[in-house]
Visitor: 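Once you've had a glance at the structure underneath, I'll fire off some questions.
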2 protein chains.
Amino acid sequence: MDETAPQKGTVTQRAIEQIKAMIAEGRLEPGQRLPTERDLAVQLGISRSSMREAIRALTVLGVLEARHGSGIYVTQLEAGDLLETFGVVADLSRGPRLVELLEVRRVLESTATALAAARITADQLAEVEKHLTAMNATDDPEEILAHDLAFHRVIAGAAGNDTMAAILEGLSSRTFRARVWRGYEEEGAFARTRREHAAIHRALVARDPEAARAAAAAHVGEVEQWLRTQLGGQT
Amino acid sequence: MDETAPQKGTVTQRAIEQIKAMIAEGRLEPGQRLPTERDLAVQLGISRSSMREAIRALTVLGVLEARHGSGIYVTQLEAGDLLETFGVVADLSRGPRLVELLEVRRVLESTATALAAARITADQLAEVEKHLTAMNATDDPEEILAHDLAFHRVIAGAAGNDTMAAILEGLSSRTFRARVWRGYEEEGAFARTRREHAAIHRALVARDPEAARAAAAAHVGEVEQWLRTQLGGQT
DNA sequence: TCAGCAAGGTGGTCGGACCACTACGGCTCA
DNA sequence: TGAGCCGTAGTGGTCCGACCACCTTGCTGA
């Protein structure tokens with residue numbers, strides 16, 4: 001009947017688009033289980049191998065989730081699911097693009113911090129303080145980094161924009177931060193970092209969005225500028 | 001020798017990580033050609049099927065590129081390559097997350113427009129004008145949308161941050177814009193949109209970053225607010 | 001000299017087989 | 001009667017081998 005498929009692109013690519021379309025059109029709900037690989041392959045008229053490649057593709061994109069022995073399910077399609085791949089960008093970027101990524105982070109982080117200043121709850125604020133004190137109480141770089149990440153994660157979460165938080169999560173992925181900070185902190189930037197974190201915290205307590213925005217921008221900007229000089233050596 | 005692999009996770013997942021690591025460590029340069037699927041499978045000690053799934057995964061992530069009959073190549077690993085998946089997020093998002101995405105776009109677009117005001121060249125400015133006039137010269141929604149997209153694309157490109165431009169590209173993907181704007185423009189928002197675009201253009205000509213920032217933020221904010229009311233019906 | 005052709009190599013697809021794991025039901029035993 | 005064990009059917013995960021579609025290369029022949 002409708003077998004006039006013009007056969008554009010590869011079979012697998014077509015299967016990817018079809019499943020994606022099914023989800024976009026609402027024919028597949030978040031959390032819903034899909035037919036088996038074998039059935040899906042028959043339905044779309046392709047081999048199981050090709051269907052598996054399509055499923056793999058949608059799996060790495062965070063759209064599908066395959067559970068061994070159970071079945072294939074649509075994820076909740078939340079920001080975290082779909083933006084997990086963002087970390088790959090950060091991990092594979094080098095040189096000038098690291099600066100660009102930090103610039104993006106500066107813009108988003110400052111906005112998120114400003115939003116958080118207006119919206120953060122007492123509980124969230126307490127958690128921010130917990131990580132702040134824990135960060136200042138140790139000299140282990142690993143531990144500092146972990147609390148540093150958590151510090152910003154809580155703030156991003158308090159901003160109330162899950163999508164923004166998920167992007168920031170990717171821009172702060174462990175390997176990314178570790179690569180950049182390795183050199184930065186070696187220059188004795190610990191003290192400066194602590195001051196900056198304290199300033200961010202003060203602005204949150206004061207519920208002052210503009211101060212929070214400025215503090216966060218300065219915080220990321222410091223690293224950004226340092227990295228800029230590391231790369232170019234220009235003025 | 002080192003065959004003590006603890007066999008964590010699936011075979012395919014391991015292969016993905018290994019190839020990714022090879023690129024991150026610089027053992028594979030951008031543009032370089034990889035061994036054949038068959039050879040790679042042998043090297044990593046897995047079947048060709050599993051290797052193909054791994055390659056497919058890295059292909060959708062924009063890390064690898066398979067050319068039929070020629071071979072598998074590492075992409076240039078530029079922002080555009082790696083952030084292409086960002087469009088998927090926009091296409092599969094609904095309801096509240098659409099607002100979140102527009103909020104992110106508002107923040108980035110306003111920043112990019114401000115940067116562009118300071119850096120845009122005469123040629124780029126001419127192109128902006130071209131799309132602006134073309135946009136105002138037609139009533140075909142399709143054509144308007146196309147020039148609208150191009151308008152912002154040129155500006156984002158002039159900002160000098162390819163990463164930011166690539167993210168904005170994803171946040172403005174054709175299907176995304178089409179979905180949101182379908183309703184928005186039906187309410188006779190064409191005139192308003194034209195005024196806003198004109199304001200952005202004026203700020204660029206005046207090379208006034210703050211005005212450009214404000215104009216861009218207002219432009220996206222309009223759509224954002226409209227969408228907010230469409231969803232919640234709240235005040 | 002160069003256009004055209006032929007062969008080899010490469011990714012793309014297919015089908016089938018088997019393995020590893022999960023979920024579910026019936027069975028056993030207290 | 002109830003809980004726990006266990007087997008089995010079904011699912012995704014892996015492997016193999018074959019063939020197809022396409023590109024590249026180099027040779028052929030005018």
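In what follows, every chain begins at residue 1, and chains take the letters A, B, ... in the order their sequences are listed.
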Visitor: Taking protein heavy atoms under 4.0 Å as touching, what does nucleotides 6-12 of chain C look like 5' to 3' if B marks base contact, S marks sugar-phosphate-only contact and - marks none?
Guide: ---BBBB
Visitor: Quickly work out the A:E65 CD to D:dG12 P distance and round it to whole Å.
Guide: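 The distance from CD of A:E65 to P of D:dG12 comes to 13 Å, rounded to the nearest Å.
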Visitor: Report the relative orientation of the aromatic rings in B:H219 and B:H152; use parallel for angles under 30°, tilted for 30 to 60°, perpendicular for over 60°.
Guide: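 Answer is parallel, since the angle falls under 30°.
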Visitor: In terms of heavy-atom contacts, does CD of B:E129 have more than 12 from other residues, nucleotides or ligands at under 6.0 Å?
Guide: yes
Visitor: For B:F151, which residues count as a ring pair (Phe, Tyr, Trp, His ring centres under 6.0 Å) partner, sequence neighbours excluded?
Guide: B:H197
Visitor: Rounded to whole Å, please give me the gap between CE in A:M51 and C1' in C:dG15.
Guide: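 Those two atoms, CE and C1', are 15 Å apart.
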Visitor: Considering non-hydrogen atoms only, spot the tightest contact between A:E143 and A:T138 and give its length.
Guide: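 Looking at all heavy atoms of both residues, the shortest contact is OE1-OG1, 3.6 Å.
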Visitor: Does B:S49 contact D:dC16 through a side-chain donor or acceptor facing the base, at a distance under 3.5 Å?
Guide: yes
Visitor: Which of these passes salt bridge (charged side-chain N to carboxylate O under 4.0 Å, His left out) with A:E169: A:R177, A:R174, A:R153?
Guide: A:R153
